[in-house]
Visitor: 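Can you keep this structure in mind? I'll have questions shortly.
Just so it is clear, the values below take in all heavy atoms, side chains as well, and ignore hydrogens, waters and symmetry mates. All values derive from a computational prediction rather than experimental measurement.
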Amino acid sequence: MHQLNPRALSPRCPFLLWPRARHLLLAAALLAISPVNPLGAQTWERRGPEGGAVISLVATPSRTLYLGTPDGHVFASPDQAQHWELRGRAGDRLDGVVQALASGANPDAPERLLAGVWFRGPQAGGGIFESRDGARSWRPAGLAGEAVRALHRSPSDPRVWVAGTRSGVFLSTDDARTWQRITPAHDPELQNVDSLAIDPQHPEVIYVGTYHLPWKTSDSGKTWSPIAEGMIDDSDIMSLRIDARDPRRIFSSACSGIYRSEDAGASWIKLQGIPYSSRRTQQITQDPADPRVFYAATTEGLWRTPDSGESWVRLTGRETVVNAVVALPSPQGSRILAGTERGVLAADLTGNSLVPVNRGFTHPVIAAAAVDTGNPAHLLIRLAGPDGALLESSDAGLSWRQLPAPGHGVTIDAIHGLSSGWWISFAQGGLAWFDAPSHAWRSADFTDLSRPGPGTGKRSRWSRAVPPHVTKLVETAGQVLAVTADGFWRRAAQGTAFRRVLQKGIPAPVDDLVTLRSGGLLAIAANRLWRRGANSTEWLAESAPDHVGRLLWLGRDESGASSQLFLGTEQGVFVRADDGPWRLLANGLPVITSDAPPAIGAHAWLLAMRNGGIYLSRDAGRSWQRVDHEAEAGRAALLAAQGDGFLVASESEGLLMLPNPGR
């Protein structure tokens with residue numbers, strides 16, 4: 001399902017997941033599509049939470065900061081990260097990772113910016129994109145189809161650019177207007193480029209880091225030489241940094257640690273001080289105010305050396321994954337900014353720690369979301385990533401608070417909002433519910449019946465040592481019904497444990513389930529629909545639309561006089577009133593997959609489709625118009641009606657509010 005960073009499972013470091021890929025595990029599901037201009041002029045509000053995955057970070061000569069995200073978006077801050085604003089998307093795909101940003105400012109275009117992008121879609125590729133208006137609009141600028149991993153401009157000759165891609169190194173000598181390959185096309189050792197550096201005095205001298213050790217050319221690519229003396233073999237060279245004072249001094253980070261060369265790459269020594277566990281250093285940056293000071297952005301925090309790498313101190317928590325760092329000169333000393341998996345951190349040189357500076361940057365990757373069935377303004381979201389932070393809002397996203405983790409060594413599979421509160425199902429099996437008074441998660445017991453004991457003829461209850469894996473949780477008749485891989489379990493309203501419920505006629509496993517107004521149930525199993533009466537344990541098959549591929553999900557709306565059921569399939573979304581025939585929702589709505597049921601508001605319906613578009617109907621599904629703009633395009637984890645508006649939990653844009661769309 002997920003297309004990871006090309007270096008994520010590099011054979012050079014097979015034992016670790018490449019950290020830049022970790023926050024992409026969910027966002028990578030975004031499809032490579034071209035956003036379509038919406039028909040309606042809807043205004044969206046961003047409700048947070050603040051922060052998000054930062055892949056690249058750059059400061060321009062005008063002191064404007066830009067950051068790139070894993071879905072192609074570029075944000076800008078003209079006030080050194082006091083405020084951020086979304087400017088645009090580099091390219092027209094939702095799966096474009098903005099791996100590199102570089103200032104291309106010239107007298108004719110002082111706000112010019114170049115972006116190196118690679119795509120996560122099945123057909124790997126990417127390219128270079130250019131903006132001449134401060135990242136507000138973008139156009140292709142060469143290397144179409146190339147997964148661009150590094151991009152640099154010569155400090156001494158602004159006409160010279162170098163780009164590193166999965167297939168090699170490309171050079172431009174006309175200020176990024178045209179490009180030519182300067183590495184042998186079929187040499188495997190000069191492919192999979194991850195890092196570049198250009199000598200600050202001699203633009204023809206270029207250093208290249210690959211999945212397998214570094215290389216150097218002194219004649220703009222006519223000849224190449226390996227420069228790995230002193231390095232551990234099979235080192236993935238993730239970053240290169242040339243000392244601004246002495247071009248013969250070069251820093252390099254690899255799987256095996258951080259190295260320094262004093263002779264222009266002819267030999268290397270391994271530096272000590274940063275723990276082995278932090279050896280994945282994404283970027284090394286030199287302090288412009290004090291050239292002895294360098295910063296290392298690593299998978300275990302931001303590190304600083306005051307003596308050119310002889311000693312190091314960590315400036316952030318160990319759990320902070322830092323992807324990029326810049327140092328801005330200021331009268332008080334350099335202002336340090338770090339781009340992390342959770343947003344931007346900043347501090348002055350004299351600061352003891354870095355603090356979040358994400359006002360206006362609301363771009364979290366939401367892995368899952370749930371809404372309180374009794375209060376649509378009460379929300380719970382889970383952020384993507386290894387820690388999977390849980391954030392709760394009681395005011396439709398205007399403010400957020402973090403809930404405690406449900407425990408150590410467990411993986412959250414899904415979150416559920418019921419009238420009884422928040423529930424979590426785990427990939428390892430079992431459930432937990434949130435006890436609000438104690439502000440803690442409690443495990444749910446699963447009680448089964450054993451066979452009759454010897455000579456007793458009675459069944460005894462016992463708790464399962466390994467609770468079942470719960471795929472769906474619904475409320476019915478005042479009880480909580482759990483759907484698992486091995487059947488149904490029910491918890492009474494005042495009960496303390498789930499007990500197995502025997503069902504007849506329905507195959508396992510059950511893919512989705514909804515309750516009906518009659519008290520019965522409707523389910524998807526074995527790609528068929530099944531219905532069970534309110535007071536029955538027997539399931540009967542019923543008709544579904546023909547030739548629609550897989551049946552994906554069920555939804556219902558009982559806000560009106562009659563109940564409506566929704567069915568999501570590979571070939572569109574269907575609706576029916578009570579027991580009437582299924583009707584395909586079309587007339588402006590694409591006949592493709594939708595990941596979740598529609599949200600039904602007082603005056604409109606809202607649907608999020610697999611193409612990243614959000615569609616609105618003001619006439620009960622008879623006609624539709626696309627209402628998202630380029631800034632909101634992306635897959636949705638949740639749709640919920642909120643008064644006269646709608647809330648959309650976007651997998652890449654955070655929580656969005658569409659107010660009064662039906663008016």
Visitor: Which atom pair, heavy atoms only, marks the closest approach of G168 to T183?
Guide: CA-OG1, 3.5 Å
Visitor: Does Q82 have more than 12 heavy atoms from other residues, nucleotides or ligands lying within 6.0 Å of its CD?
Guide: yes
Visitor: Could you check whether R260 pairs with E310 (Lys NZ or Arg NE/NH1/NH2 to Asp/Glu carboxylate O, under 4.0 Å)?
Guide: yes
Visitor: Does V148 reach the side chain of Q99, with side-chain heavy atoms less than 4.5 Å apart?
Guide: no
Visitor: Using a 4.5 Å cut-off on heavy atoms from C-beta on, say whether the side chain of P247 contacts that of H202.
Guide: no
Visitor: What pair of heavy atoms forms the shortest contact from D157 to P203, and how long is it?
Guide: CB-CG, 4.1 Å
Visitor: Verify side chain to side chain contact (heavy atoms under 4.5 Å, CB included) between V117 and R93, making sure each step is shown before the conclusion.
Guide: CA-CA 10 Å; V117 176; R93 291 173 56 134; over 6 Å; no
Visitor: Does the distance from a Lys or Arg side-chain N to an Asp or Glu carboxylate O, for R359 and D79, drop under 4.0 Å?
Guide: no
Visitor: Just so I know, are the side chains of L114 and E130 near enough to count as touching, which here means a heavy-atom distance under 4.5 Å?
Guide: yes
Visitor: Taking the side chain as every heavy atom from C-beta outward, state whether P140 and F129 have any pair of such atoms under 4.5 Å apart.
Guide: yes
Visitor: If you round to the nearest 0.5 Å, how far is CG of L315 from CH2 of W303?
Guide: 9.5 Å
Visitor: I'd like to know if the side chain of R87 and the backbone of G134 have a donor-acceptor N/O pair within less than 3.5 Å.
Guide: yes
Visitor: Any chance you could lay out the side-chain hydrogen bond (donor to acceptor under 3.5 Å, both in side chains) test for S253 and S239, step after step, and finish with the verdict?
Guide: CA-CA 5 Å; S253 66; S239 65; 2.5 Å; yes
Visitor: Is there a donor-acceptor pair under 3.5 Å between the side chain of Q191 and the backbone N or O of T210?
Guide: no
Visitor: Report the C-alpha distance between V321 and Q282 in whole Å, list the side-chain angles of each, state the deciding distance to 0.1 Å, and finish with yes or no for side chain to side chain contact (heavy atoms under 4.5 Å, CB included).
Guide: CA-CA 9 Å; V321 177; Q282 330 273 44; 4.3 Å; yes
Visitor: What is the distance from atom CG of L328 to atom CZ of R63, rounded to the nearest 0.5 Å?
Guide: 5.5 Å
Visitor: Check the angle between the aromatic planes of F75 and F361 and answer parallel, tilted or perpendicular using the 30° and 60° thresholds.
Guide: perpendicular
Visitor: Could you tell me whether D290 and R292 have a side-chain N and a carboxylate O separated by less than 4.0 Å?
Guide: yes
Visitor: Output yes when R153 and D175 qualify as a salt bridge under the 4.0 Å nitrogen-oxygen rule, no when they do not.
Guide: yes
Visitor: Kindly say whether S256 contributes a backbone atom to a donor-acceptor pair with the side chain of K270 at under 3.5 angstrom?
Guide: yes
Visitor: Side chains of L345 and L302, heavy atoms from C-beta outward: is any pair under 4.5 Å?
Guide: no
Visitor: Go through the steps to decide whether S308 and F251 satisfy the test side chain to side chain contact (heavy atoms under 4.5 Å, CB included), and finish with yes or no.
Guide: CA-CA 9 Å; S308 299; F251 292 82; 4.3 Å; yes
Visitor: Any donor-acceptor pair under 3.5 Å linking the side chain of T285 with the backbone of V325?
Guide: yes
Visitor: Check whether any side-chain heavy atom of I250 sits under 4.5 Å from a side-chain heavy atom of W268, and report yes or no.
Guide: yes
Visitor: Is the backbone of D174 close enough, under 3.5 Å, to the side chain of R177 for a donor and an acceptor to pair up by distance?
Guide: yes
Visitor: Using distance alone, with no hydrogens and no angle criterion, decide if H363 and D71 have a side-chain donor and acceptor under 3.5 Å apart.
Guide: yes
Visitor: Is there a donor-acceptor pair closer than 3.5 Å between any side-chain N or O of T281 and the backbone N or O of A296?
Guide: no
Visitor: Between E653 and R46, is there a salt bridge with N-O shorter than 4.0 Å?
Guide: yes
Visitor: Hey, mind stepping through V169 and W215 against side chain to side chain contact (heavy atoms under 4.5 Å, CB included) and telling me if it holds?
Guide: CA-CA 11 Å; V169 180; W215 292 72; over 6 Å; no
Visitor: Can you name the nearest heavy-atom pair linking W224 to I182, along with the distance?
Guide: NE1-O, 2.8 Å
Visitor: Please determine which of L240, D219, T217 meets the side-chain contact (heavy atoms from CB on, under 4.5 Å) test together with I206.
Guide: T217
Visitor: Once rounded to the nearest 0.5 Å, what's the spacing between atom CD1 of I237 and atom CG of L213?
Guide: 5.5 Å
Visitor: Mark yes or no for whether S261, through its side chain, and S267, through its backbone, hold a donor-acceptor pair below 3.5 Å.
Guide: yes
Visitor: Looking only at non-hydrogen atoms, find the nearest pair between L57 and G339 and report the distance.
Guide: CD2-N, 3.8 Å
Visitor: Nearest 0.5 angstrom please: S131 OG to R89 CZ, how far?
Guide: 14.5 Å
Visitor: For E341 and N323, test the side chains for any donor-to-acceptor distance below 3.5 angstrom and give the result as yes or no.
Guide: no
Visitor: Restricting to non-hydrogen atoms, name the atom on G116 and the atom on L151 that form the minimum distance, rounded to 0.1 Å.
Guide: N-CD2, 3.9 Å
Visitor: State whether the side chain of R241 and the backbone N or O of I284 hold a donor-acceptor pair below 3.5 Å, judged by distance alone.
Guide: yes
Visitor: Quick check against the 3.5 Å criterion: does W118 have a side-chain atom that pairs as donor or acceptor with the backbone of T165?
Guide: no
Visitor: Side chains of V344 and L67: closer than 4.5 Å at any heavy-atom pair?
Guide: yes
Visitor: Is there a donor-acceptor contact under 3.5 Å from the side chain of S334 to the main chain of I336?
Guide: no
Visitor: Out of curiosity, R280 CZ to C255 SG, how far, rounded to the nearest 0.5 Å?
Guide: 4.5 Å
Visitor: Taking the side chain as every heavy atom from C-beta outward, state whether I242 and P200 have any pair of such atoms under 4.5 Å apart.
Guide: yes
Visitor: Evaluate whether atom CZ of R245 has more than 12 neighbouring non-hydrogen atoms of other residues, nucleotides or ligands under 6.0 angstrom away.
Guide: yes
Visitor: Between E146 and S167, does the side-chain hydrogen bond (donor to acceptor under 3.5 Å, both in side chains) criterion hold? Intermediate values first, please.
Guide: CA-CA 7 Å; E146 293 284 343; S167 71; 2.6 Å; yes
Visitor: Enter the distance from T299:OG1 to M238:CE here, rounded to the nearest 0.5 Å.
Guide: 8.0 Å
Visitor: Which atom pair, heavy atoms only, marks the closest approach of W400 to G397?
Guide: NE1-O, 3.0 Å
